[in-house]
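Below is one structure, written out as structure tokens, with a few remarks after it.
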Protein chains: 4
Amino acid sequence: MSQRLRAIDDSEKAARRQSILDAAKTLYLADTSALPSVISIARKAGLAKGTVYLYFKTKEEIFLAMLSEDYQTLMIEVIKLLDAPSSPDELVDDLLTTLIRFLDDNPLFMPLASMASPVLEQNVEIKIVGEFKLMLIDKINLIDELFRKAFPQFPEGQCGSLLLHTNALILGLWQMQNWPEKLKPLQQQYPFNTVIPDFKKDLALSLKNLWKGALNSHT
Amino acid sequence: MSQRLRAIDDSEKAARRQSILDAAKTLYLADTSALPSVISIARKAGLAKGTVYLYFKTKEEIFLAMLSEDYQTLMIEVIKLLDAPSSPDELVDDLLTTLIRFLDDNPLFMPLASMASPVLEQNVEIKIVGEFKLMLIDKINLIDELFRKAFPQFPEGQCGSLLLHTNALILGLWQMQNWPEKLKPLQQQYPFNTVIPDFKKDLALSLKNLWKGALNSHT
Amino acid sequence: MSQRLRAIDDSEKAARRQSILDAAKTLYLADTSALPSVISIARKAGLAKGTVYLYFKTKEEIFLAMLSEDYQTLMIEVIKLLDAPSSPDELVDDLLTTLIRFLDDNPLFMPLASMASPVLEQNVEIKIVGEFKLMLIDKINLIDELFRKAFPQFPEGQCGSLLLHTNALILGLWQMQNWPEKLKPLQQQYPFNTVIPDFKKDLALSLKNLWKGALNSHT
Amino acid sequence: MSQRLRAIDDSEKAARRQSILDAAKTLYLADTSALPSVISIARKAGLAKGTVYLYFKTKEEIFLAMLSEDYQTLMIEVIKLLDAPSSPDELVDDLLTTLIRFLDDNPLFMPLASMASPVLEQNVEIKIVGEFKLMLIDKINLIDELFRKAFPQFPEGQCGSLLLHTNALILGLWQMQNWPEKLKPLQQQYPFNTVIPDFKKDLALSLKNLWKGALNSHT
DNA sequence: CATGAATGAGATTTCATTCAT
DNA sequence: TATGAATGAAATCTCATTCAT
């Protein structure tokens, strides 16, 4: 009945894989309260359910791939910062700006990153999870190297460690302030402002403390 | 097989509710890769499936209650610290010790806390989620008050804010170092030590920075 | 906590039983698409769920009792007709009038009678079902006797037999024209009028045929 | 165990649907006191529970389909009668014979027809119920037409109307004589014979009255 | 490769009925 | 007697995943 388009060569396969990722992203963006179902992703991508499983072994693998892409995008942004480095202080400011812009441009990054450990990594083949972790580590090591080229006075690993802590802070802060949509009324009703982190403000504050504290000790 | 008691008054009901929580905890402890099924929880508790649903509306509500208990336990520990306060510096050390011991004693706290935002809160009645949030806020405010009684030189909200950031750091750091069991071999094989946070060590470092930095500015 | 009113003597028990029947009737009247739940009946009657089971062994027993009451009411009406008999012909007209009025006054009779065989009798203790059947038979026999006192020319059993057929016709016709509420639009849209029985009209026609045919053969 | 075939095209799907109906029929035949459970039907058909729900939205839909089939079988029999019509009088006799044979060959027809209005139609999507009703009406209209071709002296709708009344009579009479199996002893013990309809005998009598009365008025 | 039918585990929900108190 | 907690069967529904075609 239907003419089955077949992805024969690798580039076609990659394209099909990407179309699945795009469909998944669109759907997840529309409702981040839960990962969209495979059938909805397949339909959005104009494919059959089974076809999705030719490209990803589990549903979570799709979203881990999506997170992986986002992380790589972010890392590239950070690497760009180190292309034209100025002073460590300015770098911190630039980093923060870059980060905030990235989060605004990639609204799925935080939801995905939150699910990574409790959901995604639990349902993805160990090999794939490993590759994801290694990719992150590679990039972090690369950034650390570039950083030391620009600022040789800092020891190996310092920048990488700061990146990890930065990531941890973002993750934790975001999850704490990510109240379910339906709880928003409550949020305004009570004087929570003192106790609920204001994500961007707190992030700015914390990161500056974190980075400047660490970097200044070597200046 | 089971005792088949009837929970008539409120204390008996609370006991039965607790027995469900205990059963769920035992099962989850045995395998943190996914929340145990409701039927397995019921069987473990010696109850019928229907009975579990008399006490909790959804499976996630069970685990949010469990997390709530853990948070309350932690808060009580922290409050105890403020009963006999010494100097701010010593307090930070004590806090860290307390925290580490708590995490060791309550191995489900971190997995549960990680799931709170992406999983638990998404599938629990908004009212219950609200109560959970309010409970946390109450405790944080209480601790903030006690803190200022002990150290009046610090402004209102400072301690609460530090607690939030502490929580964020714990959450983020834990999730980053929480590699799936099956990935552990990989973790040793590569020189990850430089880039994977060593949870306790990094936590110690970060918290000291965080708290001492903040507290010293008022001494 | 609550003061339990206890029905000690038989009249109190009968009253409580009746209050359950009343509650059930009210609820079923509000929605005849399904028998109301026991919990709703209990609440309506101001009783606990378990108490209902002290008076009726199953839910269906409640509704069989209700149907039994209705049948008895109907029989009494018919008996009244025979108190002041005129001619067989007039009797048929009176019977029809009485029947129509009864159905209007007792809107649950038809739904209940429809459920009797496929639902109620399947879920009521055989003893109770037997009593119900015997009650009906007794009344029919009584009516048959009274009829022959008034019109001796008719053989024993003729009137009883006619009553049974009357009942069968009512049952069958009613079920065929009892379209679900939500199907009513469809009913008007198509030219069903020729093929869907118009309950009262068809009933009148059929009954007159049935009775007059039978009775005239003996005049 | 099972063949695990895939129903790809429509005829295969119809076959699978039929296999579910067959399984349901077998089980219901073994115990007409209640509709068999979906899981038992699935197992009998060698299918998974979920598969049954691919073909029928509710359990009652299965049995309404079964009833629909039975009605269609019956209608076809009746249509056959009109292929080689003789006199109206003979037709009535043939109709009765056909009807009795049909009821003997399809022992589930009456139980199902009894449940149609109070149970089945209440729990089947309104659209499906409508289709069922329309099917019946179509067939009745068709028979009415054929009838008038054979016997032009009768007005339009007369035959259809008689069919409806016939159906009503069957329905009502059957329900009245359908005593629960366990009540049979009681049935013999008492002199019920005068008051309990003898289904086939009474049906014969009534139908002859009904049809001959109506048809003779036009001869 | 692509498809979508089939699977089956599991979450809820409902609710009649039982039974300890 | 009266209560309502507990039971457990069954209906639905959802959906990730498998696998015959």
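Every chain is numbered from 1, with letters handed out A, B, ... down the list of sequences. Given the structure is predicted, the values throughout are model-derived calculations rather than measurements.
Distance, B:I62 CD1 to E:dG10 P: 15 Å, rounded to whole Å. Atom NZ in C:K59 sits roughly 8 Å away from atom P in E:dT17 (whole-Å rounding). Separating the CG atom of B:L120 from the P atom of E:dA11 is a distance of 14 Å, rounded to the nearest angstrom. Going from atom CD1 of B:I20 over to atom P of F:dA6 covers 8 Å, rounded to whole Å. Between A:Q122 atom CD and F:dA16 atom P there is a gap of 17 Å when expressed in whole angstrom units. Regarding D:R6, its CZ atom lies at a distance of 9 Å from the P atom of E:dA5, rounded to whole Å. Between C:F63 atom CZ and E:dC15 atom P the separation is 13 Å, expressed in whole Å. Protein atom CZ of C:F56 is 13 Å distant from nucleotide atom P of F:dA2, rounded to whole Å.
Nearest to the side chain of D:A48, among F:dT21, E:dG8, F:dA6, sits E:dG8. Here the nucleotide nearest the side chain of A:T51, chosen from F:dC19, F:dA16, E:dT3, is E:dT3. Looking at the side chain of C:L54, the nearest of the listed nucleotides F:dA6, E:dA2, F:dA2 is F:dA2. If you check E:dT17, F:dT18, F:dT7 against the side chain of C:Y53, the one that comes closest is E:dT17.
When side chains are defined from C-beta on, A:K133 counts as touching B:W179, because their heavy atoms get closer than 4.5 Å. Contact check for B:L112 versus B:Y28: side-chain heavy atoms found under the 4.5 Å cut-off. No side-chain heavy atom of B:F132 sits under 4.5 Å from any side-chain heavy atom of B:L120. Looking only at side-chain heavy atoms (C-beta outward), A:L47 and A:Y55 stay at 4.5 Å or farther from each other. Considering only heavy atoms from C-beta on, C:N123 stays 4.5 Å or farther from C:K59 through its side chain.
Here D:R16 reaches the OP1 or OP2 of E:dA6: one of its side-chain N or O atoms lies under 4.0 Å away. For D:K57 and F:dT12, the shortest distance from a side-chain N or O to OP1 or OP2 is not below 4.0 Å.
If you find the closest nucleotide of DNA chain E to B:I8 and to B:E60, the one lying nearer the 5' end belongs to B:E60.
Among the atoms of the strands shown, base atoms are found under 4.0 Å from some heavy atom of D:K49. Within 4.0 Å of B:Y55, counting heavy atoms only, lie sugar-phosphate atoms of the nucleic acid but no base atom. Within 4.0 Å of B:N123, counting heavy atoms only, lie sugar-phosphate atoms of the nucleic acid but no base atom.
F:dT18 is paired with E:dA5 under the Watson-Crick or G-U wobble criterion, all donor-acceptor distances under 3.5 Å.
With hydrogens and angles left out, the side-chain atoms of D:Q175 and C:E121 include no donor and acceptor closer than 3.5 Å. A donor and an acceptor atom, one from each side chain of D:S117 and C:N178, are located under 3.5 Å apart.
Contacts between residues 33-46 of chain C and DNA chain E, defined by a heavy-atom separation under 4.0 Å, are made by C:S37, C:V38.
Between C:E12 and C:R16, none of the side-chain N atoms (NZ, or NE/NH1/NH2) sits under 4.0 Å from a carboxylate O, so this pair counts as no salt bridge.
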